[in-house]
Student: 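Have a look at the structure that comes next, please.
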Amino acid sequence: MPQRKPRPSRQAEPSPDLTSVLRENGGVLPLPDLFALAGYNRDMPEHVELFYLALREGMKGSLRLRGEATENAEVEIVDAA
């Protein structure tokens, strides 16, 4: 029986800590930039899902949308002050 080839290993895992990514990049980023800088791959559906789960989690406390743009909205860190 022929041996199965191992599946290619996944790319490096993206960062679920979007707050840190924002902090390292000035505190405000458009969603597409945040997505890319956090290491997510738009060609991988599971990365898109993971990004939005991380974003939803961040919106519960440390992150918020900035302005009223509906497309390419910017995300910023909420001041803890």
Side-chain angles (χ1 to χ4, degrees):
M1 187 190 309
Q3 288 186 352
R4 285 185 163 179
K5 288 185 179 180
R7 296 184 82 186
S9 61
R10 291 187 170 193
Q11 294 180 343
E13 286 299 310
S15 172
D17 187 359
L18 300 181
T19 303
S20 291
V21 174
L22 279 168
R23 222 175 247 119
E24 293 167 5
N25 291 280
V28 179
L29 286 171
L31 279 171
D33 294 351
L34 178 58
F35 183 91
L37 289 169
Y40 292 91
N41 181 336
R42 68 183 180 148
D43 296 325
M44 297 178 70
E46 61 271 19
H47 276 208
V48 175
E49 181 179 3
L50 288 171
F51 173 75
Y52 281 102
L53 289 171
L55 182 61
R56 183 186 317 162
E57 196 61 34
M59 299 292 273
K60 291 179 183 177
S62 61
L63 304 178
R64 69 176 171 209
L65 291 179
R66 179 177 169 178
E68 296 185 25
T70 56
E71 189 172 325
N72 295 330
E74 289 185 328
V75 179
E76 68 181 350
I77 298 172
V78 177
D79 287 334

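Heavy atoms only: backbone and side chains are in, while hydrogens, waters and symmetry mates are out.
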Student: On a heavy-atom basis, which atom in N72 and which in P32 lie closest, and how many Å separate them?
Tutor: OD1-CG, 3.1 Å
Student: If I take atom CG from residue D17 and atom CD from residue E24, how far apart are they, to the nearest 0.5 angstrom?
Tutor: 8.5 Å
Student: Check for me, please, whether F35 and L65 land in the same ILVMFWY cluster - side-chain distances under 4.5 Å, paths through other members count.
Tutor: yes
Student: Could you report the tightest heavy-atom contact between L29 and L22, atom names first, then the distance?
Tutor: N-CD2, 3.6 Å
Student: Which pair of heavy atoms, one from L31 and one from L55, lies closest together, and at what distance?
Tutor: CD2-CD2, 3.7 Å
Student: Mind listing the closest non-hydrogen atom pair of A38 and L18 along with its distance?
Tutor: CB-CD2, 3.8 Å
Student: Looking only at non-hydrogen atoms, find the nearest pair between F51 and Y40 and report the distance.
Tutor: N-CE2, 3.5 Å
Student: Could you check whether any side-chain heavy atom of E57 comes within less than 4.5 Å of a side-chain heavy atom of L53, counting everything from C-beta outward?
Tutor: no
Student: To the nearest 0.5 Å, how far apart are CG in L50 and CD in E13?
Tutor: 7.5 Å
Student: So, for S15 and V21, which heavy atoms are closest and what is the spacing to 0.1 Å?
Tutor: OG-CG2, 4.1 Å
Student: So R64 and E76, do their side chains get closer than 4.5 Å, heavy atoms only?
Tutor: yes
